[in-house]
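Worksheet for the structure shown next.
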Amino acid sequence: MDQLTKIGKRMPYKVPEGYFDNMASGIIESNANIAYGFAPLRRIALAVASVAVVLIASYMAFDKNRVSSSDVDDAFMAMSETDRYYILDLYQNELYLFE
Amino acid sequence: MTFNHDNILSPVRYKQDDAFRKLVDKYGEALYWHIRRLVVKHADAQDVVQEVWIRVYRSIDRLDRKESLTAWLYTIATNEALRSLERKPLDAEPLTCGVDVEVDDYTDYSDLEAVKLQQAILTLPRKQQLVFNLRYYDEMDYDRIAEILSSTVDRVKANYYLAKKKIISYFTDND
C-alpha cells in the first residue's frame, strides 16, 4: 500500500499544451460539422436540389395541368435518403410544403 | 453557479452550443483522463473523446431526469473506450512493453513509479481496471461505479479489493 500512497494520483501521461482550454471549442466545431454532416460542395448541390423542389412546388401551384403533386413526390423520392432527410430537416417548419 | 440537472439539462435539451460548452467544460477533462487511462495513447484518447461527445450531443434528449448525469457520461466514455480497445490488435497494448520504449510523445517515461503503476493497472482484467481507476483516480463511491458499470455494489467492492491486491503484488514482483 505504501507504493500507492507514495505515487498518489501521479500519472506519466501528458497532453499537448492548451489541450483542455481548446477542448470545448474543438468538440463543438466538430459536432456542428457532423450534425450537418455535409461538405461544402455537397451543401451547394443540396441547396440547388432544395430550390428545384421548391420551384417545382411553386410551378405546380400556378399550373396544375402540367405538374402534378405526384411529379414532386417522384422527384423527391428520386433523391437519396440522406438528401431527403436534409430537405425535410431544412423545411420542417415550412408547413406549406406538406399541404 | 452550481451545476445540477436543471441548470445544465434544460438548455442542453435544445442542444444549444452554450449549454453544451458548459457540459464539456465541466466534464471534459475528467472524461479525457478516464479514457486516457484505458487507451493509454493521447491520439487514441482524443479520438475516443470526440466519439463520446458526438454521442452525448446526439442523445442528450434521451437522458432520463432521474439518471445521474455523471454516471451517464462515464458510461458512454467507458463504452467508447472499450470499443476502441476492441478494434486494436492485441499486440498494440502500449506501456506493457517496457519503460524504456517510447510509444507516445505525451508520456513521461522519466517518472518510473508512475509508469509502473500504470503498467500494473494495465495488467488487470478490464473490469478491475475500470473499478480501480474510477475509485482511485475519480474518487467515486461504489454505488456510482456500480451504476456506470451496470454491476452491483458488492461486485464492485470485490473487484476493487482484488485490483489493489494485484497492484501491490505487481510492485513486489517487479521491484
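Each chain gets a letter, A, B and so on, in the order its sequence line appears, and its residues count up from 1.
Under a hydrophobic clustering in which Ile, Leu, Val, Met, Phe, Trp and Tyr are joined whenever their side-chain heavy atoms come within less than 4.5 Å, directly or via other members, B:W72 and B:I35 fall into the same cluster. In this structure, A:I28 is a member of the same hydrophobic cluster as B:V52, with clusters built from ILVMFWY side-chain heavy atoms closer than 4.5 Å. Cluster annotation: B:L38 is not connected to B:Y170 through the hydrophobic network of ILVMFWY side chains, with a link wherever side-chain heavy atoms come within less than 4.5 Å.
In this structure, A:K14 contributes its side chain and B:T107 its backbone to no donor-acceptor pair below 3.5 Å. Side chain of B:Y136 to backbone of A:L4: a donor-acceptor contact under 3.5 angstrom is found.
For B:T75, the side-chain contact (heavy atoms from CB on, under 4.5 Å) partners two or more places apart in sequence, or in a different chain, are B:N79, B:I148. Residues meeting the side-chain contact (heavy atoms from CB on, under 4.5 Å) test with B:Q46, sequence neighbours left out: A:Y19, B:H42. Partners of B:D108 under the side-chain hydrogen bond (donor to acceptor under 3.5 Å, both in side chains) rule, at least two apart in sequence or in another chain, are B:S110.
In plain terms, the two heavy atoms of B:Y137 and A:R10 that are nearest each other are OH-O, 4.3 Å. B:D25 and A:A24 get closest at one heavy-atom pair: OD1-CB, 3.5 Å. Of all the heavy atoms in A:P12 and B:V115, the pair that sits closest is CB-CG2, 3.6 Å. In this structure, A:V15 and B:Y106 approach most closely via the heavy-atom pair C-CD2, 3.9 Å. Here the shortest heavy-atom pairing between A:M11 and B:W33 reads CE-CE3, 3.6 Å.
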Might you work through the side chain to side chain contact (heavy atoms under 4.5 Å, CB included) test for B:I168 and A:Q3, ending with a clear yes or no? CA-CA 8 Å; B:I168 293 162; A:Q3 286 287 0; over 6 Å; no

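Within the 6.0 Å centre-distance limit, the rings of A:F20 and B:Y32 are counted as a close aromatic pair.
B:V49 has its side chain within reach of A:M23: a pair of non-hydrogen atoms, C-beta onward, lies under 4.5 Å apart. At least one side-chain heavy atom of A:I27 sits under 4.5 Å from a side-chain heavy atom of B:F20.
Using non-hydrogen atoms only and a strict 4.5 Å limit, no part of residues 150-159 of chain B faces chain A.
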